[in-house]
Amino acid sequence: MKKYAVEFIGTFFFVLTVGLTVIEPGAGLAAPLAIGSVLMVMVYAGGHISGGHYNPAVTLAVWMRGRCPAPDVPFYMIAQWLAAAAAGVLSLYLKGNPEIAPMSPNVVYALIVEFLFTFALAYVVLNTATSKNTAGNSYYGLAIGFTVVIAAYSAGAISGGAFNPAIALGITVMGISAASNIWIFLVADFLGGAAAALAFNALNPDDK
């Protein structure tokens, strides 16, 4: 139960930071830095207990890589989605339940960038936090957090910048993204996580 609680807590603060920095009055151009930073510190805080996924696509990648027991996968994802929904509701409350016009991304562009940057995020997680060749390093949280910073600055305006099915649920609850768009994130992000695991396994056949 402890690792599921850690996944809930980390995902909750991750999504809450998204809401509080993106919903106006937000943090403006500093929002991606705050979002990446909260992921970094939560990864450092909970990584030794749960692995610090805070992202169903990362959980999928780590499972496919062989470092997350199959029975944990659904419970990790449930904890992440519950945390995202709760953080979404709280974000709206703390911002005074504002009227938010949901974004309408170009579907093809959004699918491409969500896939690519979720791949990048999961690939960084696998290489810095699960590889025997980088075991014991002190930079894994920084690398993971700043992958999100890069992704948000690069592609946030194109897709909404989820790169995470839990974030996708959170921004849907907040009204930042329309409910009709959530499939974009689910498809692209899970495919990105799966592709990262396949790439890692192919490039590191001896790292079991």
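This structure is a prediction, so every number in the text was calculated from the model and none was measured.
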Gln80-Thr11 side chain donor-acceptor pair, cut-off 3.5 Å = no

ring-ring contact (aromatic ring centres under 6.0 Å, His included) filter on Phe12, not counting sequence neighbours, yields none

Check this for me: Lys208, atom NZ, are more than 12 non-hydrogen atoms of other residues, nucleotides or ligands nearer than 6.0 Å?
yes

inquiry  = Whether the Tyr4 and Asp72 side chains hold a donor-acceptor pair (N or O, under 3.5 Å, no angle test) is what I'd like checked.
reply    = yes

dist Met103:CE -> Ser177:OG (nearest 0.5 Å) comes out at 7.0 Å

(Q) Would the distance check show the side chain of Arg67 and the main-chain N or O of Thr130 forming a donor-acceptor pair, the cut-off being under 3.5 Å? (A) yes

Heavy-atom nearest pair, Ala110 first then Pro105, reads CB-CB, 4.1 Å

Inset, instruction - Please check if Leu116 and Tyr153 belong to a single hydrophobic cluster, counting links between Ile, Leu, Val, Met, Phe, Trp and Tyr side chain heavy atoms closer than 4.5 Å. - result: no

Is it the case that one hydrophobic cluster holds both Met174 and Leu16, taking links as side-chain heavy atoms less than 4.5 Å apart, direct or via other members?
yes

(Q) Strictly distance-based, threshold 3.5 Å: is any side-chain N or O of Asn127 a donor or acceptor partner for the main-chain N or O of Tyr123? (A) yes

One should read off an interatomic distance between Ile167 CD1 and Leu39 CG, to the nearest 0.5 angstrom, of 8.5 Å

Closest heavy-atom pair, Ala178 versus Pro102, reported as atoms and distance to 0.1 Å, is N-CB, 3.6 Å

With a 4.5 Å cut-off on side-chain heavy-atom distances among I, L, V, M, F, W and Y, is there a chain of contacts connecting Leu126 to Leu60? no

CG of Asn181 to OG of Ser159, rounded to nearest 0.5 Å, is 10.5 Å

Residue pairs meeting side-chain hydrogen bond (donor to acceptor under 3.5 Å, both in side chains), one or both in residues 187-207, sequence neighbours left out, come to Arg65-Asp207, Thr118-Asp189, Ser131-Asp207

Nearest heavy-atom approach of Glu7 to Ser50 is OE2-OG, 2.6 Å

- Beyond-backbone contact of Phe119 with Val124, side-chain heavy atoms, under 4.5 angstrom: no

*asked:* Determine whether a donor-acceptor pair (N or O, by modelled atom type, separation under 3.5 Å) exists between the side chain of Glu114 and the backbone of Ala162.
replied: yes

For this session: Mark yes or no for whether Lys95, through its side chain, and Ile23, through its backbone, hold a donor-acceptor pair below 3.5 Å.
Result: yes

Check: Should Pro56 and Tyr76 count as side-chain neighbours, where that means a heavy-atom distance under 4.5 Å?
Finding: no

TODO: Take Tyr109 and Val113 through the test side chain to side chain contact (heavy atoms under 4.5 Å, CB included) and record every step on the way to the result.
DONE: CA-CA 6 Å; Tyr109 294 170; Val113 297; 5.7 Å; no

May I have the step-by-step check of side chain to side chain contact (heavy atoms under 4.5 Å, CB included) for Leu33 and Thr21, ending in yes or no? CA-CA 10 Å; Leu33 185 59; Thr21 58; over 6 Å; no

>> What I'd like to find out is whether the side chain of Pro165 reaches to under 4.5 Å of the side chain of Asn55, using heavy atoms alone.
In response: yes

| Note, Cys68 side chain near His53 side chain (heavy atom, < 4.5 Å) | yes

- Do Phe146 and Val149 come close enough that some side-chain heavy atom pair is under 4.5 Å? yes

Near Tyr93 OH, under 6.0 Å, is it more than 12 heavy atoms from other residues, nucleotides or ligands?
no

Exercise. Are any non-hydrogen side-chain atoms of Ile144 and Leu121 less than 4.5 angstrom apart?
Worked result: yes

Taking the side chain as everything from C-beta on, heavy atoms only, tell me whether Val6 gets closer than 4.5 Å to Tyr54. yes

Review point. Checking side chain to side chain contact (heavy atoms under 4.5 Å, CB included) for the pair Val125/Tyr140: CA distance, chi angles, key distance, verdict?
Key: CA-CA 7 Å; Val125 170; Tyr140 67 98; over 6 Å; no

Do Trp63 and Trp81 share a hydrophobic cluster (ILVMFWY, side-chain heavy atoms under 4.5 Å, transitive)? yes

Walk me through whether Ile176 and Val22 qualify under side chain to side chain contact (heavy atoms under 4.5 Å, CB included). CA-CA 9 Å; Ile176 295 170; Val22 171; 3.9 Å; yes

For Phe13, I'd like to know if atom CZ has over 12 heavy atoms of other residues, nucleotides or ligands within 6.0 Å.
no

Interatomic distance, CZ@Phe75 vs CD1@Ile78, rounded to 0.5 Å, equals 6.0 Å

Whether Tyr139 side chain and Thr128 backbone form a donor-acceptor pair below 3.5 Å:
no

- Task: Tell me whether Val73 is reachable from Phe8 by hopping between hydrophobic residues (I, L, V, M, F, W, Y) whose side-chain heavy atoms are closer than 4.5 Å.
- Result: no

In terms of heavy-atom contacts, Ala166 and Ala84 come closest through O-CB, 3.1 Å

Quiz item: With side chains defined as the heavy atoms from C-beta onward, is the minimum distance between Asn164 and Val58 less than 4.5 Å?
Solution: no

d(Ile49 CD1, Ile9 CD1) to nearest 0.5 Å is 8.5 Å

Note: Phe163 and Ala152 closest approach over all heavy atoms is CE1-N, 3.9 Å

Taken to the nearest 0.5 Å, the spacing of Leu169 CG from Leu82 CG works out to 9.0 Å

